[in-house]
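Take a look at the structure set out below.
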Amino acid sequence: MNLSLKIIIALVLGAITGILLNLFAPGLFTPLNAYIFVPIGKIFINLITMLVVPIVFISIALGTAGLGDPKKLGRIGLKTISYFLVTTSIAIVIGLSLAFIFQPGNVGTYNTEGLEYSSNEAPPISDTLLNIIPKNPFQAFAEGNMLQIIVLAVLFGFALTILGTKVARVKEVLEQGNDIMMFLVNLVMKLAPYGTFALIATAIGTQGFDAMKAMSLYMIVVILALIIHTIFTYGSSVLLIAKRNPIAFFKGFAPAMGVAFSTSSSNATLPVSMSVAQKNLNVPKSISSFVQPLGATINMDGTAIMQGVATIFIAQVYNVDLSVTSLLIIVLTAVLASIGTAGVPGVGLIMLAMVLTSVNLPVEGIALIIGIDRLLDMARTAVNITGDAACAVIVAETEERAANKAELAVK
Ligand code: ASP
């Protein structure tokens with residue numbers, strides 16, 4: 001049986017176990033969760049997270065060096081960032097539109113009295129961008145500051161290219177380090193079905209049906225927007241720009257989506273999503289190792305969708321009419337907020353505070369959606385990393401076509 005199938009079965013069994021325990025044996029759920037599900041889930045997440053920092057550094061340094069000339073790096077960088085920005089904007093617009101159509105905040109009653117949520121956790125986006133250059137590389141590694149590690153790795157890879165044979169041995173060490181990391185990813189992935197089962201059982205068992213029932217329309221709108229964005233935006237760009245079969249794309253990438261769904265973390269899923277893109281989607285290593293780590297850090301379409309729907313939902317609950325200008329501000333700040341969102345569980349909700357404040361909506365509104373956010377986080381993380389993979393496939397195909405054309409021209 002292949003890994004994707006095992007992961008999907010584990011997801012379904014985990015969800016069923018969580019629901020059944022929550023409904024019929026809550027007393028049994030508590031000890032099972034504390035002594036079995038939580039520890040297994042934690043071990044699995046720690047095992048993959050352990051590999052993230054070295055993989056990001058090694059693969060981006062090698063990816064940059066592998067691209068060779070700086071012009072190519074610039075071109076790929078531009079393509080990647082443009083795709084990220086355009087798709088994230090589309091994502092927010094889909095989220096906003098569906099929230100206007102379904103009006104989740106106007107249907108049903110929500111009690112806003114006494115809600116509390118403190119927003120001082122959201123770091124201003126300017127800080128994230130200004131601090132992109134690490135003052136101390138070791139601190140960046142120790143804190144796992146992805147943007148800083150990426151900058152360092154790109155510079156390192158650039159030096160590898162320019163210095164060439166002089167530093168060939170360092171490059172070789174990195175290449176061997178990369179082999180070791182990929183070996184470990186494959187090893188850890190053998191545990192993925194167990195980890196997935198445990199994580200889903202915890203998430204669903206803890207949330208229960210009541211939380212879901214009260215917020216069902218909001219959940220449905222977010223999930224619908226995620227599905228529409230995945231099928232149309234990613235599917236059509238893979239079909240039209242990369243000229244690949246979108247179904248084969250989704251099928252090939254499914255194992256990574258399963259892991260993202262269960263871990264709710266783009267960062268933790270990165271080793272898996274890169275290895276899956278390289279193996280199943282034939283994305284060259286140099287491109288996958290440049291595009292995907294960058295995407296896992298700054299490209300979060302699923303998160304942007306949640307933030308769009310949540311903002312409108314909260315405006316509806318508090319009876320605030322939003323002007324066209326406010327809507328534009330929401331699109332802009334949600335793009336920035338999703339860039340600033342770290343690829344770890346739950347941060348998208350913290351960054352939502354920034355979007356709400358930008359249009360003077362009450363940040364306490366977050367308290368309404370916090371209860372079910374854990375479940376939506378799973379779905380949006382799967383979308384977040386699918387966007388990175390779609391971009392990697394598109395960059396790979398367009399680069400290959402350009403290379404073929406250049407070759408023909410030479411002949
Ligand atoms: N959990 C998401 C991710 O890692 C981020 C978020 O929206 O909270 O991609």
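Ligands are counted one by one from 1 in listed order, and the atoms in each one are counted from 1 as well. Predicted model, so just to flag it, every value in this text is computed and none were measured. This chain uses plain numbering: 1 for the first residue, then up along the sequence.
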*Which heavy atom in Leu160 sits nearest to a heavy atom in Ala61, and how many Å separate them?*
CD1-O, 4.5 Å
*Quick one: look at Met306 and ligand 1, take heavy-atom pairs under 4.0 Å, and tell me if it's side chain, backbone, both or neither.*
neither
*asked:* Please work out, at 4.0 Å between heavy atoms, whether the side chain, the backbone, both, or neither of Asn267 comes within that distance of ligand 1.
replied: neither
*If you measure from each non-hydrogen atom of Ser266 to ligand 1, which part falls under 4.0 Å: side chain, backbone, both or neither?*
both
_Per-atom contacts, ligand 1 versus Val347 - under 4.0 Å to a heavy atom_ = 8 (O)
*With distance as the sole test, does Lys243 use its side chain to make a donor-acceptor pair with the main-chain N or O of Leu240 at under 3.5 Å?*
yes
*To which protein heavy atom is atom 8 (O) of ligand 1 closest, and what is the distance rounded to 0.1 Å?*
Gly348 N, 2.7 Å
*Pull out every atom of ligand 1 sitting under 4.0 Å from any heavy atom of Ser265, numbered as shown with elements.*
4 (O)
*Would you mind listing which atoms of ligand 1 come within a distance below 4.0 Å of any non-hydrogen atom of Thr381?*
1 (N), 2 (C), 3 (C), 4 (O), 9 (O)
*Given side chain to side chain donor-acceptor pair (under 3.5 Å), test Thr233 with Thr87 step by step and report yes or no.*
CA-CA 7 Å; Thr233 313; Thr87 50; over 6 Å; no
*Would Tyr234 and Phe250 count as a close aromatic pair, with their ring centres under 6.0 Å?*
no
*If every non-hydrogen atom of Phe158 is compared with every non-hydrogen atom of Thr64, which pair is closest and at what distance?*
N-CG2, 3.9 Å
*Minimum heavy-atom separation for Tyr83 to Ala390, with atom names?*
OH-CB, 3.6 Å
*May I ask you to identify the nearest protein heavy atom to atom 5 (C) of ligand 1, giving residue, atom name and distance to one decimal place in Å?*
Val344 O, 3.6 Å
*asked:* Taking 4.0 angstrom as the limit and counting only heavy atoms of Met300, give me the atoms of ligand 1 inside it, by number and element.
replied: 9 (O)
Counting only pairs under 3.5 Å, give me each side-chain donor-acceptor contact of residues 33-56, with atom names and distances, residues two or more places apart or in other chains.
| from | atom 1 | to | atom 2 | distance (Å) |
| --- | --- | --- | --- | --- |
| Asn33 | OD1 | Thr202 | OG1 | 2.9 |
| Thr49 | OG1 | Ile45 | O | 2.6 |

*Find all atoms of ligand 1 within a distance of less than 4.0 Å from any non-hydrogen atom belonging to Thr303, and give their numbers and elements.*
5 (C), 6 (C), 7 (O)
